[in-house]
Amino acid sequence: MTALALQKLAHDREALIKGKPDKYVSAMQDAVYQALADFCRQDGEFAQAVYQGGSFADCMKAVTKGIKNGSISDLDAYRLAVQFYFPGADIRCQMSVNLCASVEQPETATDKSLVLDLFDLM
């Protein structure tokens with residue numbers, strides 16, 4: 001099912017690009033597409049919802065409806081896209097900072113990072 005969902009997303013995205021989307025969709029479509037593709041790879045049930053759900057163009061319309069004051073955060077855009085295909089679903093996002101990255105060698109890097117849940121800031 002994942003492969004079918006990814007094919008559908010790719011096909012729908014190409015159709016959206018050919019349709020000359022507005023400036024908001026143009027700015028966000030690549031990142032939202034990539035996030036949705038990653039989510040499909042992570043969860044088969046979500047992939048099925050994407051495959052059986054609406055078009056990527058309709059998804060992007062739902063995402064751009066969430067724009068306030070001319071912008072929307074990436075996290076909110078991904079959340080709205082996920083909820084378009086799977087109402088009631090949400091996303092988890094984890095970012096970390098590596099304070100020693102500038103002095104570590106790639107092959108000797110260790111996980112000495114701080115974890116920040118971005119939703120705690122909202």
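Since the structure is predicted, the reported quantities are computational estimates derived from the model, not experimental observations. We number each residue from 1, following the sequence as shown.
Taking each heavy atom of Ile91 and Leu75 in turn, the nearest pair found is CD1-O, 3.5 Å. Of all the heavy atoms in Cys40 and Val50, the pair that sits closest is SG-CG2, 3.7 Å. Closest approach of Arg41 to Thr2, counting heavy atoms only: CA-CG2, 4.0 Å. Smallest separation of non-hydrogen atoms from Ala47 and Ala5: O-CB, 3.2 Å. A pairwise comparison of heavy atoms in Ala62 and Leu80 identifies O-CD1, 4.3 Å as the closest pair. The minimum heavy-atom distance between Val63 and Ala81, with the atom names listed, is CG2-N, 3.7 Å.
Criterion: ILVMFWY side-chain heavy atoms under 4.5 Å apart, direct or through other members. Under it, Leu9 and Phe86 are part of a common hydrophobic cluster. Under the 4.5 Å side-chain heavy-atom criterion for grouping Ile, Leu, Val, Met, Phe, Trp and Tyr, Ile67 is connected to Leu16 within one hydrophobic cluster.
Of the possible polar contacts, one joining the Gln83 side chain to the Ala89 backbone as a donor-acceptor pair under 3.5 Å is found.
The list of salt bridge (Lys or Arg N to Asp or Glu O under 4.0 Å) pairs with a residue in residues 57-67, not counting sequence neighbours, reads Asp58-Lys61.
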List the atom pairs, donor and acceptor, that lie under 3.5 Å between side-chain atoms in residues 27-37 and the rest of the protein, sequence neighbours left out.
{"residue": "Asp30", "atom": "OD1", "partner": "Arg13", "partner atom": "NH2", "Å": "2.3"}
{"residue": "Gln34", "atom": "NE2", "partner": "Asp38", "partner atom": "OD1", "Å": "3.3"}

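Distance check, rounded to the nearest 0.5 Å: OG of Ser26 to NZ of Lys20 gives 11.0 Å.
Side chains of Val82 and Arg79 form no contact here, defined as non-hydrogen atoms less than 4.5 Å apart.
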**OP:** Decide side chain to side chain contact (heavy atoms under 4.5 Å, CB included) for Tyr85 and Phe56; before the verdict, give the C-alpha distance in whole Å, the side-chain angles of both, and the deciding distance to 0.1 Å.
**Re:** CA-CA 10 Å; Tyr85 288 107; Phe56 184 63; 4.2 Å; yes

